Novice: 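Quick one: structure below, then a few questions.
Quick caveat, the model's predicted, so the values are computed rather than measured. Nothing fancy with the numbering, it's 1 onward along the sequence.
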Amino acid sequence: MTKPDPRTELAELATLRDCLRYAVSAFRQANLHHGHGATNALDEAAFLILESLHLPVDDFNAFADARLTAREKAMLGDRIATRIEKRIPAAYITGRTYLHGFSFRCDPRAIIPRSFLADLLFSPLFDGSDGSGLIDDPNEITSVLDLCTGGGSLAILAAHAFPNAQVHAVDLSADALDLAAENVADYGLKHRVTLHKGDLFAPVKGMRFDLILSNPPYVDQATIAMMPEEFRHEPAMALDGGPDGFDLVRRILREAGEQLHAGGGMLCEIGLDREVLDVEFPHLAFTWLDTEESAGEVFWLPASALR
């Protein structure tokens, strides 16, 4: 089959629906990997088209039959070609992505936001809606720590989920924190979200929190060696969790107890190998949490267990 040339072939098309069909075919023929906010060619193509045209990304059908200008087709052709030729994830091409409906600036200074914690923060486990969650009243949470914040997405979501909380966000990367500062400013949260550069708890030593969140690097080195090319556009330090993926997770587990208020707790995403932690930390009664897209990739621990 002839290799597609989006930069010229899109000129022959008319509507957004035409462009979507073309992009899906081209993405599938190129055997792209989809794991940065979209899980298949259709969803990523729709996102790339809608976000590039500054249209709402949650309703393609509303614009499907709209005709494109020559300028718009040229721009989309270039972006579709870039996605295929350079294997750059769509979120880095558009410069923006979404997590739990919130929009964030996105570029290679930080990992593309994706975390099961986002959905959990707004679930009955944490929003106080049914009285049987891990947090009774989100309004009573006054201090949150986000470790390995990257571009700041989880810190910003926490500020919305817990309206009375001061949020402290830590990362080792100055570049990631620059991007986080831009996102925090976009949401007008400079007075509630404080960014710190440093190694895990070091910048906030001596402070205590009601809630600690973390989506740390947790990919093991064997997996990193065979990851699709799309992941190699992200900062390596945001993915590499050491030989078995748990270097930072172990440190977090050993140090978190000193940073939590007595009634607080920690929510941490660790990926698929929960058995490693169950065996290595038998004294910790992990509560493993599921979401619509995951099973047992996030744990909750109360302060009492960590101490």
Side-chain angles (χ1 to χ4, degrees), residues 35-38 88-122 144-162 165 167-187 189-190 192-204 209 211-219 223-224 227 230-242 245-249 251-252 256 266-271 291 293-294 297-298:
H36 294 88
I88 299 174
Y92 280 163
I93 296 172
T94 64
R96 190 162 291 277
T97 193
Y98 297 80
L99 190 60
H100 199 77
F102 287 74
S103 172
F104 299 103
R105 296 175 189 245
C106 182
D107 63 44
R109 287 177 289 176
I111 195 171
I112 295 171
R114 52 189 185 276
S115 176
F116 302 126
L117 303 189
D119 290 335
L120 287 168
L121 288 178
F122 295 92
V144 176
L145 173 62
D146 176 25
L147 290 176
C148 309
T149 192
S153 57
L154 286 179
I156 291 166
L157 292 180
H160 284 85
F162 309 109
V167 180
H168 293 263
V170 176
D171 205 281
L172 195 56
S173 167
D175 286 341
L177 290 171
D178 286 344
L179 178 59
E182 294 172 17
N183 280 317
V184 169
D186 284 346
Y187 280 96
L189 287 170
K190 289 183 178 180
R192 292 187 53 214
V193 178
T194 303
L195 303 175
H196 305 267
K197 182 182 183 301
D199 185 16
L200 294 183
F201 296 102
V204 292
F209 302 92
L211 177 64
I212 294 174
L213 306 173
S214 188
N215 182 19
Y218 57 72
V219 184
T223 301
I224 283 180
M227 290 179 85
E230 281 83 352
F231 290 96
R232 306 196 186 282
H233 293 280
E234 296 185 295
M237 66 182 295
L239 299 169
D240 189 350
F246 291 127
D247 281 3
L248 266 70
V249 176
R251 290 182 53 200
I252 291 169
M266 179 170 69
L267 190 66
C268 182
E269 182 172 330
I270 57 90
T291 70
E293 304 294 332
S294 71
E297 297 187 43
V298 176

Novice: Given Leu179, which partner from the list Asp107, Asp171, Thr149 fulfils the side-chain contact (heavy atoms from CB on, under 4.5 Å) test?
Specialist: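 Looking at Asp107, Asp171, Thr149, the match for Leu179 under the side-chain contact (heavy atoms from CB on, under 4.5 Å) is Asp107.
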Novice: Please confirm whether the backbone N or O of Gly35 pairs with a side-chain atom of Glu230, one donor and one acceptor, at under 3.5 Å?
Specialist: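 Pair absent, no side-chain N/O of Glu230 close to backbone of Gly35.
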Novice: With a 3.5 Å distance limit and no angle check, can you tell me whether Glu293 reaches the backbone of Phe116 through a side-chain donor-acceptor pair?
Specialist: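 Checking the backbone N and O of Phe116 against the side chain of Glu293, no donor-acceptor pair under 3.5 Å is found.
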Novice: Could you walk me through whether Arg251 and Phe201 pass the side-chain contact (heavy atoms from CB on, under 4.5 Å) test, one step at a time?
Specialist: CA-CA 10 Å; Arg251 290 182 53 200; Phe201 296 102; over 6 Å; no
Novice: Would you name the heavy atoms of Ala159 and Leu189 that are closest together and state the gap between them?
Specialist: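 Shortest heavy-atom separation between Ala159 and Leu189 comes out as CB-CD1, 3.9 Å.
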Novice: From Cys268 SG over to Leu147 CG, what is the distance, rounded to the nearest 0.5 angstrom?
Specialist: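 CG of Leu147 is found 8.5 Å from SG of Cys268.
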Novice: Please evaluate residues Phe104 and Ile156 with respect to the criterion side-chain contact (heavy atoms from CB on, under 4.5 Å), reporting the C-alpha separation (whole Å), side-chain torsions for both, the decisive distance (0.1 Å), and the verdict.
Specialist: CA-CA 10 Å; Phe104 299 103; Ile156 291 166; 3.8 Å; yes
Novice: How far apart are the C-alpha atoms of Leu200 and Val170, what are their side-chain angles, what is the distance that settles it, and do they pass the side-chain contact (heavy atoms from CB on, under 4.5 Å) test?
Specialist: CA-CA 7 Å; Leu200 294 183; Val170 176; 6.0 Å; no
Novice: List the atom of Gly242, the atom of Asp247, and the distance in Å for their closest heavy-atom pair.
Specialist: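 So the two residues come closest at CA-OD2, 3.4 Å.
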Novice: Output the distance between atom CD1 (Ile88) and atom NE2 (His233), rounded to the nearest 0.5 Å.
Specialist: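 It is 5.0 Å, given to the nearest 0.5 Å.
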Novice: Distance from Ile252 atom CD1 to Ile212 atom CD1, nearest 0.5 Å?
Specialist: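 One gets 9.0 Å once the value is rounded to the nearest 0.5 Å.
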Novice: Determine the minimum heavy-atom distance between Ile224 and Asp240, stating which atoms define it.
Specialist: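 Shortest heavy-atom separation between Ile224 and Asp240 comes out as CD1-CA, 3.3 Å.
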Novice: Indicate the atoms forming the closest heavy-atom contact of Ser214 with Leu117, along with that distance.
Specialist: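 Nearest pair, atom of Ser214 first, then Leu117: O-CD1, 3.6 Å.
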Novice: How far does CG of Leu248 sit from OH of Tyr218, to the nearest 0.5 angstrom?
Specialist: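 That separation rounds to 13.0 Å.
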Novice: Determine the minimum heavy-atom distance between Leu99 and Ser153, stating which atoms define it.
Specialist: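 For Leu99 versus Ser153, the nearest heavy atoms are CD2-OG, 3.8 Å.
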Novice: Would you please test Val298 and Thr291 for side-chain contact (heavy atoms from CB on, under 4.5 Å) and show each step?
Specialist: CA-CA 9 Å; Val298 176; Thr291 70; 5.6 Å; no
Novice: Closest heavy-atom contact between Val249 and Pro216?
Specialist: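 Shortest heavy-atom separation between Val249 and Pro216 comes out as CG2-CG, 3.9 Å.
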Novice: Quick check: does any side chain N or O of Arg105 sit under 3.5 Å from a backbone N or O of Gly95, one acting as donor and the other as acceptor?
Specialist: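 Looks like no, no N/O pair under 3.5 Å.
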Novice: Once rounded to the nearest 0.5 Å, what's the spacing between atom CG of Leu177 and atom CG of Leu172?
Specialist: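 Going from the CG atom of Leu177 to the CG atom of Leu172 covers 9.0 Å.
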Novice: Answer yes if the ring centres of His160 and Phe102 are under 6.0 angstrom apart, and no otherwise.
Specialist: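 Yes, the ring centres sit under 6.0 Å apart.
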Novice: Can you tell if the side chain of Phe209 reaches within under 4.5 Å of the side chain of Val204, non-hydrogen atoms only?
Specialist: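 Yes - at least one pair of side-chain heavy atoms lies under 4.5 Å apart.
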Novice: Taking the six-membered ring for Trp and the full ring for Phe, Tyr or His, determine whether the centres of His100 and Phe122 are under 6.0 Å apart.
Specialist: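 Distance test on ring centres: under 6.0 Å, yes.
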Novice: Rounded to the nearest 0.5 Å, what separates atom CG in Asn215 from atom CD in Glu269?
Specialist: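 Rounded to the nearest 0.5 Å, the CG-CD separation comes out at 4.0 Å.
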